[in-house]
Amino acid sequence: MYIIFLGAPGAGKGTQAATLARELNLVHIASGDLFRQALEQETELGIQAKSYMEKGMLVPDEITIRMVLERLSTPDCESGAILDGFPRNLKQAETLDQALVQQAKAIDKVVYIKVSDKELLRRLSERWVCPSCQAPYHTTDSPPRVRGRCDRCDSELQKRPDDTAEAIKKRLEVYFAQTAPLIDYYCQTGKLLEVDGEGSVDEVRRRVVSALHHGELAYPRL
Ligand code: AMP
């Protein structure tokens, strides 16, 4: 089962994708997390991605596509995966479709999490992340149990370097210009499920589960 989470930066894709992946026992592939890990480990990939990420721009397709397809070709993805943050433009979406077809596989559903621009800005400007395990937090919506520390691994929480006002503006521009057209792309294939992303994490989770059920996906009961 291959499910894509689509939505603007700050829509809550990462949080919902991680929860669903745990519940369905599928691998969660977040392209942004893969880049941040590479950056932290100072690998060649991290060095290549750094300047684009800092500016809120997309990392070039050839780098991104190779990274995600490599991850998807590992044995733990054989039965499926939840993709979050990829694809982010038409070229990536088409390449992904072609790569899956070659393995007699296909995307099952695309969950589009819709959130107003005002709410996106509120969420992004109060967002914190664990640099070690990538767990996301929000000052008021989902604060850590101990202020400034990750619940899972106790690392010190940080602001993402691309959550500055300037980079947020750029990331939203990039999203509307390059990623939002994917809503139509997947709508035409009949795979798109639109979910209202406003409200608490749990409310949105329930809407995601219900959309997947009503989307007639052969989907295990949660
Ligand atoms: P995210 O954590 O999904 O917000 O991604 C953080 C940054 O990683 C983005 O602003 C891009 O610079 C880069 N990135 C993540 N996914 C992609 C992608 N599919 N294509 C190009 N760049 C990406």
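Whatever order the structure lists ligands and atoms in, that order sets their numbers, starting from 1.
In this structure, the side chains of I3 and L83 stay at 4.5 Å or more apart for every pair of heavy atoms.
Of the N and O atoms on the side chains of D76 and T74, at least one donor lies less than 3.5 Å from an acceptor on the other residue. No side-chain donor from either of N89 and Y185 sits under 3.5 Å from a side-chain acceptor of the other. Neither side chain, R205 nor Q16, offers a donor N or O lying under 3.5 Å from an acceptor on the other.
Ligand 1 has no atom lying under 4.0 Å from any heavy atom of K55. For the pair K13 and ligand 1, no heavy-atom separation below 4.0 Å is found.
Distance from atom 4 (O) of ligand 1 to its nearest protein heavy atom, with residue and atom name: R160 NH2, 3.0 Å. Looking from atom 16 (N) of ligand 1 to the surrounding protein, the closest heavy atom is S31 OG, 2.8 Å. For atom 20 (N) of ligand 1, the closest non-hydrogen atom of the protein is Q92 NE2, 2.9 Å. The nearest protein atom to atom 3 (O) of ligand 1, hydrogens excluded, is given as R88 NH1, 3.0 Å; this is a heavy-atom distance.
A 6.0 Å sphere centred on CD of Q103 holds more than 12 heavy atoms belonging to other residues, nucleotides or ligands. Annotation: E156, atom CD; neighbour count of heavy atoms from other residues, nucleotides and ligands within 6.0 Å does not exceed 12.
Not one N or O of F35 is nearer than 3.5 Å to an N or O of ligand 1, by distance alone.
For ligand 1, the atoms closer than 4.0 angstrom to any heavy atom of L58 are 21 (C), 22 (N). The atoms of ligand 1 that sit less than 4.0 Å from any heavy atom of R171 are 4 (O).
Under 4.0 Å from ligand 1, heavy atoms of V59 appear from its side chain as well as its backbone.
Considering each of K91, M53, R36, M57, the one bringing a non-hydrogen atom nearest atom 8 (O) of ligand 1 is M53.
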Salt bridge (charged side-chain N to carboxylate O under 4.0 Å, His left out) between R66 and D61, intermediate numbers included: CA-CA 8 Å; R66 193 176 344 115; D61 284 342; over 6 Å; no

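Checking side-chain atoms of Y2 against main-chain N and O of K109 turns up no donor-acceptor pair under 3.5 Å.
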